[in-house]
Amino acid sequence: MTGTDILIVEDEAVVGTAAQRILTRSGVSVQVVTDVESARPLLNEQTFRAILSDLMLPGASGLDLLQEVRSGQPDLPFVLMTGYATVENVAAAFKHGAFDILPKPFDLVELIGTMRRTLRFSDRIRSSEPPAIEPETTGDRYFMGEHSWAEIEADGVVRIGAGETFAGLLEDLDWVELPEKGNDLRQGTRAVRLLSKNEEFYRVWSPLTGTVLDVNEELMSRPDMLHQRPATDGWLLRMYPERLSAELEELTKREWRNPIA
Amino acid sequence: MNFRDFLRFPVDLIRTRIAARVTIAVSLVVVIMSGFFGTLVIHSYQRCALRQTEQNAQLISETIKSATRHAMMLNQSSHVNEIIAEIDRQPGIGDIRLFNKDGVVVYSPNSAALGTVADKSSDVCRNCHSGVDPIQHLTMPQQTRVFDTPDGETYLGVINPVYNAPSCSTTDCHPPVSEQAVLGVLDVTFSLEKSKANLQTNLEKAGVLLVGAIIGIAFVIWLSLRYLVRRPVNYLLRATEAVSHGDLTYRLEGQHRDEIGRLAESFNEMTQSLQDAKAQILRSNKLASLGRLAAGVAHEINNPLTGVLSFSSLLLKNAPEGTDEHEDLETIVRETKRCRTIVRGLLDFSRQVQPRKTRACFNTAVRRALEIVKNQLLVNKASVNMDLEEELPEVLADSEQLVQLVLNLVVNASDAMAGQSDAVINVKTRLIRAEGQDVAEVTVCDNGPGIPADIIEKVFDPFFSTKGNLGTGLGLSVVWGIVDEHGGTITVDSPPGAGACFTIRMPIYDAAAVAEKEPES
């Protein structure tokens, strides 16, 4: 493939340099710019496979760039880096079509894991590979992008699972780390950690805030269920939501859809 | 001290001392009352004394008449003169005159007066001779008169008519009774100087006694006020001064059972409430500023932390395993991740959300929370006793957060008793009256190891945890934040050996107060 793989937009030099060095060493070509103004001409001139942009930038923000890219190049997956201070924008980022979120500070494994998966997704869209999972019929669900879902059960308890696009990329899953019962999760923070067979780490962001009541322990022995049946048996956890009515507004109520189409 | 200062001193005393004001007021009342009653008593005493003197005078006048009667019958005027002169020498007797029918002095120890004629309009005669015919029988007041001599002495005069009797007319001296009823008048005067002097002496004595009594009463009042008012007032004053200087731990001690005791008790309650309110405000402010600080720190620290973490993890990947370098880099990565966890904890904490308040019931929240943790409690082998007050009024609260509160407290209690075979959690709701308003109270009590006294003050502080690495140390501070947002209070009590007891109180839903707060909705 010609051209640069990833465009990094990051005003903080140390972060940009670190990301560039790590990704370059993992065999991915990277170009770094410090603001949206410098990114625009590059996006017009070159074809990238993915964008990794900071949320807080001088001038136009990462979210502005995300919206521009979604309308101009909808096939270009966009990963938003964010300081945790703006994690409440995670739900908004997914709503605007971000492929994933990479919270700062991150380490090598997290960066490589996220970006490799993003590149895989990018390639899959472009090659129009058929979806890896069977579409399933389900009840009312609220989605955070195509990343995770929440289904309200009786007694106000909510079941959480992985979204179609996210689950569709998990064919090489090796290990699932579920949260402890009684832990508090917040909307847009890590709910579940996943490890692929080639030692890439993934994270599932919680679509809601609440207390974990129950986890799907079957996933420990059969992690592949998360990839194969993410809407039913591959659910992740059940929680008691703390801010349900307010947070549902950040999610999208819709039908389960073909992951990548 | 100059003269103005000297004058100002008592004025200042009256202005600044309750005891001085009360003493002066009571003394004034005593003076006025004593003056009033004293005047009444003196007046009455004077009248009594006069009456007594009149009676004595009357008696002496009658005695003269009786004593001279025999000599009169024998017509021995020299003997009559002797008797009168003898009586006249008695102390206190001024003058003795015997007038005949024509007003001529016929007997008197004062020879100059003999033969003088009394004018009918004179003091002696006026009482009987004021009409056309002379009065023959006189009443006591008509017989007596009080008068002052030109040299300023006061006398009492008694006139005593000498009536004709058949025995009188047997001699040639007097005509028969049918022709003349009254033969003459005996006039005796008595000096009142002595009784005046007595009265004066008595008045002086009474005056001295009165002044003494006023001084005595004032002293007793001053002493009583000092012990009954000034000391307790100073005792309260010292306490209020201590509080006004910011010492909210000052407590009044003492065994007063009176109003002062009740005042002290209510003062202690007030300072306790103030202390609690201050702690509440301090904690609110601490949480708020910590939240702002956290957001700021996270913002600034996350970028450099990204640099450290990503470069160190890159170096770690390239370092050959088993080398010191690899081990050191592992430490750097691990500790940087720990920093990340701390920063995230801070941010979690700073992101506590505003509650969406509606009418909500604590009983429902308790039932839902216990339903949710049912399985976890089974695993921990903790049993729960629910004691809910029926028809507990609703509170104005975010119903989801109420569940969160109970859930947190129950899970905490269950965690505290992990491994305990007889673990029991009591959850109780009550409607009580506290600080003048109806509040819904929820208590979550356990029979676990309790909270040591030295850390009980800190349990609501952010990042305080007894669970070590298992807890974030934010659970109870979040609970505290939610309760605070709802205008409620949360307290913890842990008597030694009796587990821990958390009490949440929230004002009950008051439609009127809500309408007043949001008139437009």
Side-chain angles (χ1 to χ4, degrees), chain A residues 10-26 54 56 81-88 102-112 154-157 180-190 199 209-214 238-247, chain B residues 294-318 333 336-337 339-340 343-344 346-348 350-351 353-356 367-369 371-376 379 398-401 403-404 407-408 411-412 414-415 470-472 474-475 478 482:
Chain A
E10 169 59 87
D11 59 322
E12 191 78 22
V14 68
V15 180
T17 313
Q20 185 178 31
R21 196 161 295 175
I22 289 168
L23 290 171
T24 309
R25 295 220 181 152
S26 75
D54 191 18
M56 304 278 281
M81 282 183 281
T82 162
Y84 196 76
T86 55
V87 80
E88 52 209 350
L102 182 64
K104 291 180 189 172
F106 47 78
D107 67 2
L108 173 134
V109 175
E110 288 158 354
L111 175 65
I112 291 179
D155 257 351
V157 173
E180 296 277 323
K181 287 178 201 173
N183 274 10
D184 288 334
L185 298 179
R186 290 195 174 275
Q187 186 180 45
T189 60
R190 188 187 76 200
E199 296 200 337
T209 302
T211 307
V212 177
L213 303 175
D214 198 8
R238 291 166 75 241
M239 66 152 66
Y240 182 76
E242 195 182 317
R243 311 278 317 139
L244 186 61
S245 40
E247 289 181 348
Chain B
V297 166
H299 225 86
E300 293 304 316
I301 219 169
N302 269 337
N303 282 328
L305 221 50
T306 307
V308 176
L309 186 57
S310 47
F311 277 118
S312 59
S313 57
L314 180 61
L315 288 174
L316 177 65
K317 198 184 175 218
N318 297 333
V333 169
T336 314
K337 283 184 174 172
C339 290
R340 177 170 74 177
V343 171
R344 283 185 185 169
L346 275 168
L347 280 157
D348 266 340
S350 72
R351 284 177 70 245
V353 279
Q354 288 292 314
R356 289 189 173 187
R367 289 198 189 96
R368 283 176 69 180
E371 183 61 31
I372 288 161
V373 287
K374 195 170 59 185
N375 291 330
Q376 194 181 339
V379 172
D398 186 320
S399 57
E400 288 165 3
Q401 292 194 352
V403 177
Q404 197 72 26
L407 205 63
N408 261 306
V411 168
N412 261 350
S414 160
D415 287 349
L470 295 173
T472 58
L474 288 165
V478 168
I482 293 175

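Chain letters run A, B, ... following the sequence lines, proteins first and then strands; every chain starts at 1. Worth saying up front: this structure is predicted, and the values here are computed from it rather than measured. Atom set for the values below is all heavy atoms of this structure, side chains included, hydrogens, waters and symmetry mates excluded.
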To the nearest 0.5 Å, atom OG of Ser312(B) lies from atom NZ of Lys337(B) at 9.0 Å
*asked:* For a quick check under 3.5 Å, do Thr211(A) and Gln404(B) share a side-chain donor-acceptor pair by atom type?
replied: yes
Look at the side chain of Arg238(A) and the backbone N and O of Asp214(A), then say whether any donor-acceptor pair between them is shorter than 3.5 Å. no
When the 4.5 angstrom heavy-atom criterion is applied to Ala13(A) and chain B, the contacting part is neither
Okay, Glu180(A) and chain B: the region with an atom under 4.5 Å from a heavy atom over there is neither
Query - Expected output: side-chain Thr189(A) to main-chain Leu185(A) donor-acceptor under 3.5 Å - result: no
When the 4.5 angstrom heavy-atom criterion is applied to Ile301(B) and chain A, the contacting part is neither
Turns out that what part of Ile22(A) lies under 4.5 Å from chain B's heavy atoms comes down to both
From the list Asp54(A), Val14(A), Asp107(A), the residue making the most non-hydrogen contacts under 4.5 Å with chain B is Asp107(A)
Here the gap from Lys104(A) atom NZ to Leu305(B) atom CG, rounded to the nearest 0.5 Å, amounts to 11.0 Å
